[in-house]
There are 2 protein chains.
Amino acid sequence: MAIQPPTGQQSSVMREKLQQAGLRTTKQRLMLAHLLFGSGNRHVTAEILYAEASKTGLGVSLATIYNTLNQFHEAGLLREVIIDQNRSYFDTNLHEHHHFFVESDARLIDINEDEISLGQMPDAPDGFQTDSIQVVIRLKDA
Amino acid sequence: MAIQPPTGQQSSVMREKLQQAGLRTTKQRLMLAHLLFGSGNRHVTAEILYAEASKTGLGVSLATIYNTLNQFHEAGLLREVIIDQNRSYFDTNLHEHHHFFVESDARLIDINEDEISLGQMPDAPDGFQTDSIQVVIRLKDA
DNA sequence: GTACGTGCAAACGTTTTGCAGCGGG
DNA sequence: CCCGCTGCAAAACGTTTGCACGTAC
């Protein structure tokens, strides 16, 4: 096995992930992919990801963060969660699932699949089809 | 019975509504209340309401539209529906209910209460309590 | 009369865009 | 080598705010 480049062992995995999505494997995208997909499911805003990315040696501009999040989203690597008027959230968990939203600190929490079950859901009105079903449970401090 | 002011017969109804909410009955608020509550349940954005208000004789500034929507919301006369990243929706239907969202034209449609039933919903995590449960079914053109 | 509402314009925070230069394929 | 990506700054967008004036009570 070849010696890994300084960007870390995960590089080749992330490299493949980007290539499969039809995206060029630039330094910034590899680094962001590593932050996003390197450690389980995550919910990020541009601001959060920018803060993390800024801590790494590699510099990234906020514009690139936005561009990259949008590209990853279009490429199907991320889901968008519309839950807060003030910022966009992206979720690395691609399965249809639902969320708690803690209003006091703008934090998103996955609802465990076996804790929720939908009852009867309506058919889409004539001329439309259902794209997705999203359940949001807003939480306040007890 | 006294002769009604030129603002129309509904004025006294709206006047009471505002007074009960602890809001002063200004010309603008009465006009906006009439647009919002005068004809069944509605889903409005600031932009939509501004367009309608501008058509009436009475002038209103966009800032007043925003202020008024927020005040009505705080006073409990409107519900906020977070469903679109680009604009805030307000709903005159105060009951907990759910929505279709037509992505192609950013339109909100109420889901009839008897067409939907929730199954098992999770308890709020420790330290929190459920504030609201919102189901959004996103629609695309068939 | 006075506290609150309104209108305007300017400020705000988030997100997008135009463009010159860099770098992956 | 070329086209796409990056960074920066500027623009765009919906929304909020500061202040002078007007008005409900």
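Labels below follow one simple rule: chain letters A, B, ... track the order of the sequence lines, proteins then strands, and each chain is numbered from 1.
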Side chain of [X] (C-beta onward), nearest among [options]:
X: A:T64; options: C:dT14, D:dA24, D:dG7; value: D:dG7
X: A:R29; options: D:dA9, D:dT6, D:dT17; value: D:dT6
X: A:S88; options: C:dG24, C:dT15, D:dG7; value: C:dT15
X: A:Y66; options: D:dG7, C:dT16, C:dT6; value: C:dT16
X: B:A63; options: D:dT6, C:dA9, D:dA24; value: C:dA9
X: B:L62; options: D:dT15, D:dC25, D:dC8; value: D:dT15
X: B:V60; options: C:dG7, C:dT15, D:dC25; value: C:dG7

Would you classify [X] as touching base, sugar-phosphate or nothing, given that sugar-phosphate means primed atoms plus P, OP1 and OP2, and contacts are heavy atoms under 4.0 Å?
X: A:N67; answer: base
X: A:R24; answer: base
X: B:T45; answer: nothing

Spacing of [X] atom [atom1] relative to [N] atom [atom2], expressed in whole Å:
X: A:Q71; N: C:dT15; atom1: CD; atom2: C1'; answer: 14 Å
X: B:N70; N: C:dT6; atom1: CG; atom2: P; answer: 13 Å
X: A:I65; N: C:dT14; atom1: CD1; atom2: P; answer: 14 Å
X: B:L23; N: D:dC25; atom1: CG; atom2: P; answer: 11 Å

OP1, OP2 of C:dC4 versus side-chain N and O of B:T26: anything below 4.0 Å?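 So the side-chain polar atoms of B:T26 never come under 4.0 Å of the phosphate oxygens OP1 or OP2 of C:dC4.
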Which comes earlier along DNA chain C counting from the 5' end, the contact point of B:Q28 or that of B:Q85, where each point is its nearest nucleotide?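 Result of the comparison: B:Q28.
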Specify the residue among A:K27 and B:S61 whose closest nucleotide of DNA chain C lies further upstream toward the 5′ end.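 That would be B:S61.
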Under 3.5 Å donor-acceptor, [X] side chain and [Y] backbone:
X: A:R42; Y: A:F90; value: no
X: A:T68; Y: A:T64; value: yes
X: A:R24; Y: A:R29; value: no

Among side-chain atoms of B:D110 and B:H43, is any donor-acceptor pair under 3.5 angstrom?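 A pair is found: one side chain offers a donor N or O, the other an acceptor, under 3.5 Å apart.
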Does a side-chain heavy-atom distance below 4.5 Å link B:D91 with B:E80?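 B:D91 does not reach B:E80 side chain to side chain.
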